[in-house]
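Comments concern the structure below.
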Amino acid sequence: MKSSCNEALPQSDPQGSDSQMLDSLLTETFTYFVKEVNSKNGLIADKTQPGSPCSIAAVGLGLSTYVVAVKRGLLSRQESAEKVLTVLNFFKEGTQSRKPDAMGYKGFYYHFLDMQTGRRAWRCELSTIDTTFFIAGALTAAAFFNEDSDQEKELRAVADYLYRRIDWVWALNGTANICHGWKPSSGFLKYYWDCDYSEAMLMYVLALGSPTFPIAPEGYKKWISTFKWKSIYGIEHLYSGPLFIHQLSHIWIDFKGIRDDFNRQHDVDYFENSRRATYMQQEYAIENKHGFAHYGKNCWGFTASDGPGPSTRMIKGRRIKFYNYIARGAPFGPDDGTVSPWAVVASIPFAPEIVINTIRHAIERLNLKNHTWEGFDASFNPTYPDKSKNPNGWVSSWKFGLNQGPIILMIENYESGLLWNITKKIPYVISGLRKAGFRGGWLDDQ
């Protein structure tokens, strides 16, 4: 039986029931998408550091959190729709050209944008994957705001326009696979989404399902043919070291029960694979072969995250190289003793039986939430000799939109399946999955 909000909770359970703890974490985390926003254009900052540019991926996550906020009563439907429409119209009106200070080109957008003008920040790349996360948020909002008001009709029309404008074929650069990005001064980058399992699953689904510039399925099939099946700690799964790779596409697509050619070959769907990858990370922390502080069954989560470096320190007679922001992974590294609570939370739909206890440990034993606003600290390193903010170890000074969004959206998917149920009704997603070769489960019922 759940305790009411006004009842005193037992001292042994300071966070309340599991549901109360998760609801509190979701609500606190949502603060990011209220405070770190330019209300005039809807752009969302990459992180809380003053002067941070907008991250277009954070915008996509934010658009999806506004949907959750309506369901949770954190925003009214009209207020949320207004926020979404503001940013979608800003992207629609932004300059699309080859000029180095444009917002984007060929329907894609630069990775980082100036928070005020919306123009390219720094000298960053036109990013295919970050555009994917932005447009996933836009399509999710469009599918949710399905009423007949002028506001919601306009919202749907603008989101559809933005998706149709993306020239996925151009991003192939004459190859079978999508390029990572493009710069106006030097053209396409040398890297393509053509090898190893990655967060590009969502991108290929949207590129295949495009009604205007669809790519051929051959590139997707070529990509999945490079996936590496491994047995680690006796856990057989499709390997990728950083945990975010096993999570980000799953925010919007429910892969449970649907299978492509790779899945059928190994008799496992990508949802089950993410469950196994989550358990593998926990096993790595339990083994703790490098002897990092606090690692164990309730302290793990290795992913792309901030860190205490760059520096090299002598710790208990051992030289350890510490990194700043880098994609950490298990079990092959890189690993410098940094764990990320947000990455644990984002695995809650896959393995709640180990995730929930780890969340409690992070809150109650490691103090990684109670002293901050906007939920969890981004990352934590108890091996690094800095305890100025937390007596248990170093913590990141900033919150990141790419961390905050998955916390909210995966808690909601775990508790209600909201995002998954919305995208199951988006024709473009259905078409993309089928062209990629997915069959079975809920997809056969569409």
Side-chain angles (χ1 to χ4, degrees), residues 22-23 25-38 42-48 52-72 74-75 80 83-84 87-88 109 111-113 127 129-141 144 199 201-203 242-253 274 301 303-306 325 340-349 355 359 369 372-379 396 398-420 422-423:
L22 294 173
D23 291 352
L25 177 59
L26 184 154
T27 300
E28 292 174 16
T29 304
F30 181 67
T31 306
Y32 186 96
F33 296 98
V34 176
K35 295 186 70 171
E36 301 301 322
V37 180
N38 181 338
L43 296 184
I44 298 172
D46 175 54
K47 56 183 174 180
T48 54
S52 174
C54 161
S55 158
I56 62 167
V59 174
L61 291 162
L63 291 173
S64 295
T65 69
Y66 296 150
V67 170
V68 174
V70 175
K71 178 181 180 296
R72 295 273 177 157
L74 303 174
L75 293 175
S80 180
K83 286 179 177 292
V84 173
V87 73
L88 293 186
Y109 305 96
H111 191 161
F112 299 109
L113 304 176
S127 175
I129 192 64
D130 292 281
T131 297
T132 293
F133 297 138
F134 165 74
I135 206 65
L139 292 175
T140 299
F144 176 79
E199 67 275 27
M201 186 69 65
L202 176 65
M203 180 178 65
L243 198 48
F244 79 90
I245 287 174
H246 299 280
Q247 299 166 335
L248 288 185
S249 292
H250 295 256
I251 289 173
W252 290 279
I253 299 178
S274 292
T303 194
S305 65
D306 194 16
Y325 199 99
S340 300
W342 76 268
V344 174
V345 183
S347 273
I348 194 168
V355 166
I359 294 173
K369 181 175 78 72
T372 66
W373 60 278
E374 297 178 353
F376 274 130
D377 291 303
S379 46
S396 174
W398 319 115
K399 300 290 196 307
F400 294 76
L402 279 174
N403 303 354
Q404 303 297 82
I407 290 175
I408 297 166
L409 302 174
M410 287 305 238
I411 288 176
E412 189 60 50
N413 275 334
Y414 168 66
E415 294 197 332
S416 74
L418 177 65
L419 276 296
W420 294 335
I422 290 171
T423 54

Residues 55-70 side chain polar contacts: donor-acceptor under 3.5 Å, at least two apart:
residue	atom	partner	partner atom	Å
S55	OG	A57	N	3.4
S55	OG	A58	N	3.1
S64	OG	W252	NE1	3.0
T65	OG1	G62	O	2.7
Y66	OH	F33	O	3.1

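Shown here for I348 and M410, the closest heavy-atom pair between the two residues is CG2-O, 3.6 Å.
Side-chain N or O atoms of Q404 include one that pairs as donor or acceptor with a backbone N or O of E374 at under 3.5 Å. Of the possible polar contacts, none joining the S416 side chain to the N413 backbone as a donor-acceptor pair under 3.5 Å is found. Checking side-chain atoms of S52 against main-chain N and O of T48 turns up no donor-acceptor pair under 3.5 Å. No donor-acceptor pair closer than 3.5 Å links the side chain of Y414 to the backbone N or O of A346. Although no hydrogens or angles enter the test, the distance criterion places a donor-acceptor pair under 3.5 Å between the side chain of Y32 and the main chain of A45.
For F244, there are no ring pair (Phe, Tyr, Trp, His ring centres under 6.0 Å) partners, not counting sequence neighbours. Taking F400 as the reference, Y325 meet the ring pair (Phe, Tyr, Trp, His ring centres under 6.0 Å) condition, with sequence neighbours excluded.
In this structure, I408 CD1 and L25 CG are separated by 8.5 Å, a value rounded to the nearest 0.5 Å.
A donor-acceptor contact closer than 3.5 angstrom is absent between the side chains of S305 and S379. For Q247 and S347, the side-chain atoms include at least one donor-acceptor pair closer than 3.5 Å.
A salt bridge links K71 and E412; the closest N-O separation between the charged side-chain nitrogens and carboxylate oxygens is under 4.0 Å.
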Exercise. Stepwise, does the side chain to side chain contact (heavy atoms under 4.5 Å, CB included) test hold for K399 with T29?
Worked result: CA-CA 10 Å; K399 300 290 196 307; T29 304; over 6 Å; no

